[in-house]
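Read through the structure below, which is laid out as structure tokens, and then see the notes.
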Number of protein chains: 2
Amino acid sequence: MAVDTALLTLDPAEPELMVLQVRRADAGWGLPGTFLHPGERLADAVERSLQDKADVRGLRPRQLHVYDDPGRDSRGWALSVAHVEVVPIRRLDSRRPGQTRLVAVARPGRLRYGHAEIIARAVEHVRDRYAEQPDPGHLLGRQFTLGELHRVHQAVAGRPLQRDGFRRLMKPLLRPTGHLVTRTGGRPAELFRRT
Amino acid sequence: MAVDTALLTLDPAEPELMVLQVRRADAGWGLPGTFLHPGERLADAVERSLQDKADVRGLRPRQLHVYDDPGRDSRGWALSVAHVEVVPIRRLDSRRPGQTRLVAVARPGRLRYGHAEIIARAVEHVRDRYAEQPDPGHLLGRQFTLGELHRVHQAVAGRPLQRDGFRRLMKPLLRPTGHLVTRTGGRPAELFRRT
DNA sequence: TGAATAGTGTCTCTGAGACATTATTTA
DNA sequence: TAAATAATGTCTCAGAGACACTATTCA
């Protein structure tokens, strides 16, 4: 019994969803994963694998699907529970260089063990969540402007989102702080928090 | 590693979703389930457990969630992959009397191993599917009238669905057969098929 | 003819798409 | 003042809710 995790993040330079990959024992790249210890919970195994490979903690991975194809892993019969998690890129700063990489989800490379399918499912899941909630993965901090939220959601969605429609959808889901910020050289923007 | 299945059906007499329960070794009632054989696929284990306990075959169970609470099963550490399937009640005719029962999903009884939670999740899943597609679980046969479809969907949803709104939603998703039937003592109804 | 069921028409309200306009800052 | 960004206004269209009306059968 194993767990595999698609850990997604955003690189501010590249307005596109990225997935963390780790170097595997067989020299290829793949998703971080591990075998379950006896009595261990799935979420703990996910956290353990990410801590070992990317030094990230305090996650709340979500189950996606159980992959049970017997021919999936040539080393033997092993079920894998695929998970997804979203994390701001600054929390990946301490990951091991050379042993990990961030790859655009649209071009994950040739991966074994059905990992490309897991990534596709993870992206779909995250996009569905972002379509309904303002930044549920906390890619932004506690406070942000609607413009910043708009850019993050466009990057997650992988396509432009209409500006005014987006504002109308999200504004009732946010709590205004009453403060204004000028960060960009335009009219000051109102700061919001999640509710 | 185990599988458990919430097998849902409709009793024409009771316009409410029912779930199949089986008598367990400890004399209580629960969902049908089994332990996975080495190398066996999850769908095959589900089918095997339902065949043994309710004599139903040819199913396409869908994964719901993996339950991994270590204290879930007092007999030892076992993960369970919950599944859901919908089946017309006539296919349950040959199930073992005394060893099985059909219970309204709203009143599943006091179940162990978190089976009540599985049922709740299964019902939610099935209701979501029925909100978008005409009878995806094939509770009706190949041909049916919009009135029959309406009654089935109301029973699945557990609440009244507006008649004309339902028709407008479903009609473009159906293929008319061109035939009329008089089954109820009113104006003859048009027969439709799934697309 | 009346009850029961099937099928259609239409009004309103809401929400999304699309576009335009105003507001405030920096260079 | 021009460019950039933020915020708001408004027109239209599609879909859902709600209600009314017509059609056809059986008792």
Side-chain angles (χ1 to χ4, degrees), chain A residues 10 12-13 15 127-135 139-195, chain B residues 10 12-13 15 127-135 139-195:
Chain A
L10 276 185
R127 285 184 174 157
D128 286 350
R129 283 185 70 211
Y130 269 73
E132 296 194 336
Q133 289 288 320
D135 189 27
L139 290 169
L140 294 167
R142 280 181 61 216
Q143 299 188 136
F144 43 84
T145 67
L146 275 168
E148 290 163 345
L149 188 68
H150 185 222
R151 283 185 287 277
V152 163
H153 276 248
Q154 285 189 129
V156 169
R159 62 188 177 88
L161 301 173
Q162 195 162 330
R163 200 169 57 99
D164 43 9
F166 178 80
R167 294 175 69 88
R168 271 186 303 189
L169 176 67
M170 288 298 163
K171 203 166 176 190
L173 304 176
L174 296 170
R175 211 177 59 201
T177 64
H179 297 131
L180 297 178
V181 282
T182 302
R183 284 207 258 257
T184 51
R187 172 172 172 175
E190 204 175 347
L191 269 179
F192 293 90
R193 287 186 188 165
R194 299 181 188 79
T195 47
Chain B
L10 275 185
R127 285 184 176 158
D128 286 350
R129 284 185 70 212
Y130 268 74
E132 298 193 334
Q133 289 287 321
D135 189 29
L139 290 169
L140 294 165
R142 280 180 62 214
Q143 299 188 135
F144 44 82
T145 67
L146 274 168
E148 290 163 344
L149 187 69
H150 185 222
R151 283 185 286 276
V152 163
H153 276 248
Q154 285 188 132
V156 170
R159 64 188 176 89
L161 301 174
Q162 194 162 332
R163 199 172 58 100
D164 44 8
F166 178 80
R167 295 177 70 88
R168 272 185 303 188
L169 177 67
M170 288 298 163
K171 204 166 175 190
L173 304 176
L174 296 171
R175 211 177 60 199
T177 63
H179 296 132
L180 297 177
V181 280
T182 304
R183 285 206 257 257
T184 52
R187 173 173 172 176
E190 205 176 347
L191 271 179
F192 293 89
R193 288 186 187 164
R194 299 180 188 81
T195 47

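Basis for what follows: all heavy atoms, side chains included, without hydrogens, waters or symmetry-related copies. Below, chains carry the letters A, B, ... as their sequence lines are ordered, and counting in each starts from 1.
No side-chain heavy atom of A/Val156 sits less than 4.5 Å from a side-chain heavy atom of A/His153. When side chains are defined from C-beta on, B/Leu149 counts as touching B/Leu140, because their heavy atoms get closer than 4.5 Å.
B/Lys171 has no side-chain polar atom (N or O) that falls below the 4.0 Å cut-off from OP1 or OP2 of C/dG7. In terms of phosphate contacts, A/Arg187 brings no side-chain nitrogen or oxygen within less than 4.0 Å of OP1 or OP2 of D/dA4.
Atoms CZ and CE, from A/Phe192 and A/Met170 in turn, are 12.5 Å apart once rounded to the nearest 0.5 Å. In this structure, CZ in B/Arg183 is found 6.0 Å from OG1 in B/Thr145, a value given to the nearest 0.5 Å. The distance from the CZ atom of A/Arg175 to the CD atom of A/Gln143 is 9.5 Å, given to the nearest 0.5 Å.
A residue-by-residue look at B/Gly186 and A/Gln162 shows that B/Gly186 has its nearest nucleotide of DNA chain C further toward the 5' end. Comparing A/Gly185 and A/Leu180 against DNA chain D, the residue whose closest nucleotide sits nearer the 5' end is A/Gly185.
In this structure, CZ of A/Arg183 is placed 16 Å from C1' of C/dT26, rounded to the nearest angstrom. One can place CZ of B/Arg167 at 17 Å from P of C/dT10, the figure rounded to the nearest angstrom. Rounded to whole Å, the distance from CG on A/Leu169 to P on C/dA16 is 6 Å. Between the C1' atom of D/dG15 and the CE atom of B/Met170 lies a distance of 15 Å, rounded to the nearest Å. Distance A/Leu146 CG to D/dT8 C1': 12 Å, rounded to the nearest Å. At whole-Å resolution of the value, CZ in A/Arg151 and P in D/dA6 are 5 Å apart. If you take CZ of B/Arg163 and C1' of C/dA4, they are 11 Å apart, rounded to a whole angstrom. In this structure, the NE2 atom of A/His179 is 19 Å from the P atom of D/dA6, given to the nearest Å.
Each of D/dA6, C/dT25, D/dT24 was ranked by its minimum atom distance to the side chain of B/Pro188; first place goes to D/dT24. When distances run from any side-chain atom of B/Thr145 to the nucleotides D/dA7, C/dA6, C/dA16, the shortest one goes to C/dA6.
The base of C/dG9 lies outside donor-acceptor range of the side chain of B/Arg168, with no N or O pair under 3.5 Å.
Within 4.0 Å (heavy atoms only), A/Gly165 reaches no atom of the nucleic acid at all.
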